[in-house]
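Everything below concerns the one structure shown next.
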Amino acid sequence: MAEQNFPTGDLMKGKRGLIMGVANKNSIAWAIARQLAAQGAELAFTYQGDALLRRVGPLAESIGSDILVECDVTNDDTMDNTFATLKEKWGKIDFLVHAIAFAGKDQLAGSFVDNTTREGFKSALDISAFSFVDSARRASEIMNDGGAMVTLTYLGSERVVPNYNVMGVAKAALEACTRYIAADLGPRGIRVNAISAGPIKTLAAAGIGSGRHMFKFNKAASAMQDNTDPMGVAGAALYLLSDLGLSCTGETHHVDGGFHAIGMPQETPLKEALAD
Ligand code: NAD
Ligand code: 0WE
């Protein structure tokens with residue numbers, strides 16, 4: 001990601017929210033956090049474990065955030081503690097960003113039907129889909145004047161992407177959860193949406209077997225013939241989490257250079273991409 005200036009303004013002035021899923025400076029959640037902060041938001045962060053505190057601590061500090069809570073979404077005590085801390089420090093919150101996904105490495109390669117285990121399936125769905133339901137319920141309890149929530153998904157929920165496997169199933173569940181949560185919380189003025197981002201070079205996208213091919217293919221086959229810029233994802237999150245997003249809920253919004261819209265890619269850039 002090139003050094004960038006997130007547009008400044010007052011769209012999030014007076015709003016406070018929780019960002020779940022920053023691991024390092026390349027995290028999509030961090031791009032979203034910087035954009036929200038540049039528009040005046042006050043932010044709290046969760047981090048997954050001690051190892052990540054060394055990375056997330058300085059990032060949170062750099063935008064003046066003083067609420068930093070350890071939270072593993074599979075551990076109810078840390079979930080209780082996260083939302084209790086927000087209630088104690090702020091009383092209420094206005095928004096939630098959920099940018100968390102995980103499947104065992106053995107579940108993300110080869111044949112989906114042969115390699116998906118009961119434990120692998122349960123854990124992927126627990127961490128990547130149920131955690132949004134659980135976080136949304138807890139967050140909604142401290143959203144007293146309406147609010148907004150955003151989660152991150154990927155096209156592998158709608159179409160087969162090699163090796164994405166059980167994560168695709170988890171993302172399909174996550175998108176359905178987004179719609180059901182939106183319906184439940186809508187009457188209370190809480191909007192709930194998903195952003196379907198194209199491939200971005202983060203920790204979660206590192207070390208995936210066919211990474212180089214995937215980024216080349218996505219670039220060549222997208223409408224914009226470019227990879228997805230995390231700033232675009234951050235901009236979409238700003239829209240959905242600010243009052244600009246009024247009346248938008250239950251939506252899965254694609255930010256992927258138009259990759260999702262293409263039925264058949266142009267011959268020339270694709271051939272060139274596949275050749276090298
Ligand atoms: P990332 O590695 O920076 O973020 C993933 C986060 O999930 C990490 O902060 C990690 O600590 C957290 N996490 C995993 N298991 C957890 C647990 N048990 N408890 C708490 N936190 C846990 O990678 P990213 O690409 O920024 O991923 C953020 C979100 O964006 C994910 O939902 C991912 O599926 C989604 N997404 C990523 C891409 C991409 O290409 N990078 C594309 C579309 C959607
Ligand atoms: O959602 C994701 C990745 C999420 C993810 C990443 C890992 C890597 C390390 C979940 N679990 C794990 N488990 C690990 O052990 N993306 C959208 C990025 C991604 O991952 C892929 C992709 C894309 C795109 C995996 C295979 C194919 C494409």
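For ligands, and for the atoms within them, numbers begin at 1 and follow the listed sequence. Just the heavy atoms: all of them, side chains too, but no hydrogens, waters or symmetry mates, feed the values below.
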Please compare [options] and report which has the shortest non-hydrogen distance to [atom].
{"atom": "atom 44 (C) of ligand 1", "options": "L152, T153, N218", "answer": "T153"}
{"atom": "atom 24 (P) of ligand 1", "options": "D126, T202, D256, T78", "answer": "T202"}
{"atom": "atom 23 (O) of ligand 1", "options": "A204, S157, A206, S196", "answer": "A204"}
{"atom": "atom 7 (C) of ligand 2", "options": "A197, A204, A124", "answer": "A204"}
{"atom": "atom 16 (C) of ligand 1", "options": "R55, M79, Q48", "answer": "Q48"}

State the atoms of ligand 2, each with its element, that fall below the 4.0 Å cut-off from a heavy-atom position in [X].
{"X": "N163", "answer": "26 (C)"}
{"X": "Y154", "answer": "17 (C), 24 (C)"}
{"X": "L108", "answer": "7 (C), 11 (N), 12 (C), 13 (N)"}

Any side-chain heavy atom of [X] within less than 4.5 Å of one from [Y]?
{"X": "M20", "Y": "S135", "answer": "yes"}
{"X": "L203", "Y": "S27", "answer": "no"}
{"X": "N115", "Y": "D106", "answer": "no"}
{"X": "V97", "Y": "L36", "answer": "yes"}

- What do the steps show when you test L59 against Y47 for side chain to side chain contact (heavy atoms under 4.5 Å, CB included), and what is the final call? CA-CA 11 Å; L59 294 176; Y47 61 95; over 6 Å; no
Considering only the protein, which heavy-atom contact is closest to [atom], and what is its distance?
{"atom": "atom 36 (N) of ligand 1", "answer": "I28 CD1, 4.0 Å"}
{"atom": "atom 18 (N) of ligand 1", "answer": "D72 OD1, 3.1 Å"}
{"atom": "atom 40 (O) of ligand 1", "answer": "I200 N, 2.8 Å"}
{"atom": "atom 1 (O) of ligand 2", "answer": "Y164 OH, 2.8 Å"}
{"atom": "atom 28 (C) of ligand 2", "answer": "M214 SD, 3.3 Å"}
{"atom": "atom 20 (C) of ligand 1", "answer": "C71 O, 3.4 Å"}
{"atom": "atom 18 (C) of ligand 2", "answer": "A205 CB, 4.0 Å"}
{"atom": "atom 5 (C) of ligand 1", "answer": "A99 O, 3.7 Å"}
{"atom": "atom 31 (C) of ligand 1", "answer": "A101 CB, 3.7 Å"}
{"atom": "atom 3 (O) of ligand 1", "answer": "S27 OG, 2.6 Å"}
{"atom": "atom 34 (O) of ligand 1", "answer": "K171 NZ, 2.8 Å"}

Quick check on contacts: which atoms of ligand 1 are under 4.0 angstrom from a heavy atom of [X]?
{"X": "V22", "value": "9 (O)"}
{"X": "Y154", "value": "43 (C)"}
{"X": "P199", "value": "40 (O)"}
{"X": "A23", "value": "3 (O), 8 (C), 9 (O)"}
{"X": "G21", "value": "4 (O), 6 (C), 8 (C), 9 (O)"}

If I take atom [atom1] from residue [X] and atom [atom2] from residue [Y], how far apart are they, to the nearest 0.5 angstrom?
{"X": "Q39", "Y": "R34", "atom1": "CD", "atom2": "CZ", "result": "14.5 Å"}
{"X": "Y164", "Y": "M214", "atom1": "OH", "atom2": "CE", "result": "9.5 Å"}
{"X": "D126", "Y": "F102", "atom1": "CG", "atom2": "CZ", "result": "12.0 Å"}

Polar side-chain atom of [X] near backbone of [Y] as donor-acceptor pair, under 3.5 Å:
{"X": "R191", "Y": "A148", "answer": "no"}
{"X": "T78", "Y": "D72", "answer": "yes"}
{"X": "N227", "Y": "N218", "answer": "no"}
{"X": "R159", "Y": "H260", "answer": "yes"}
{"X": "T249", "Y": "V192", "answer": "yes"}
{"X": "S222", "Y": "K219", "answer": "yes"}

How does [X] reach ligand 1, by side chain, by backbone, by both or by neither, if only non-hydrogen atoms under 4.0 Å count?
{"X": "N26", "value": "neither"}
{"X": "I127", "value": "side chain"}
{"X": "L52", "value": "side chain"}
{"X": "S131", "value": "neither"}
{"X": "K201", "value": "neither"}
{"X": "V73", "value": "both"}

- Message: Heavy atoms only, cut-off 4.0 Å: how does S128 contact ligand 2, side chain, backbone, both, or neither?
- Response: neither
- Does the protein put any heavy atom within less than 4.0 Å of atom 26 (C) of ligand 2? yes
- Task: Answer yes or no: is there an ion pair linking E119 with K122, defined by an N-O contact shorter than 4.0 Å?
- Result: yes
- Full working for side chain to side chain contact (heavy atoms under 4.5 Å, CB included) between V69 and L18: CA-CA 10 Å; V69 196; L18 176 64; 6.0 Å; no
- Message: So for G156, does at least one of its heavy atoms come nearer than 4.0 angstrom to any atom of ligand 2?
- Response: no
- Cluster link F132 to L185, ILVMFWY, side chain under 4.5 Å: yes
- Item | Partner set under side chain to side chain donor-acceptor pair (under 3.5 Å) for T153, not counting sequence neighbours | E175
- Applying a strict 4.0 Å limit to heavy atoms, is G198 in contact with ligand 1? yes
- Message: side chain to side chain contact (heavy atoms under 4.5 Å, CB included) for W90 and I142? Distances and angles first, verdict last.
- Response: CA-CA 9 Å; W90 284 345; I142 49 172; over 6 Å; no
- Item | cation_pi(K15, F95) dist<6.0 Å, angle<=45 | no
- Message: I want to know if ligand 2 touches A103 in the polar sense, i.e. an N/O pair below 3.5 angstrom.
- Response: yes
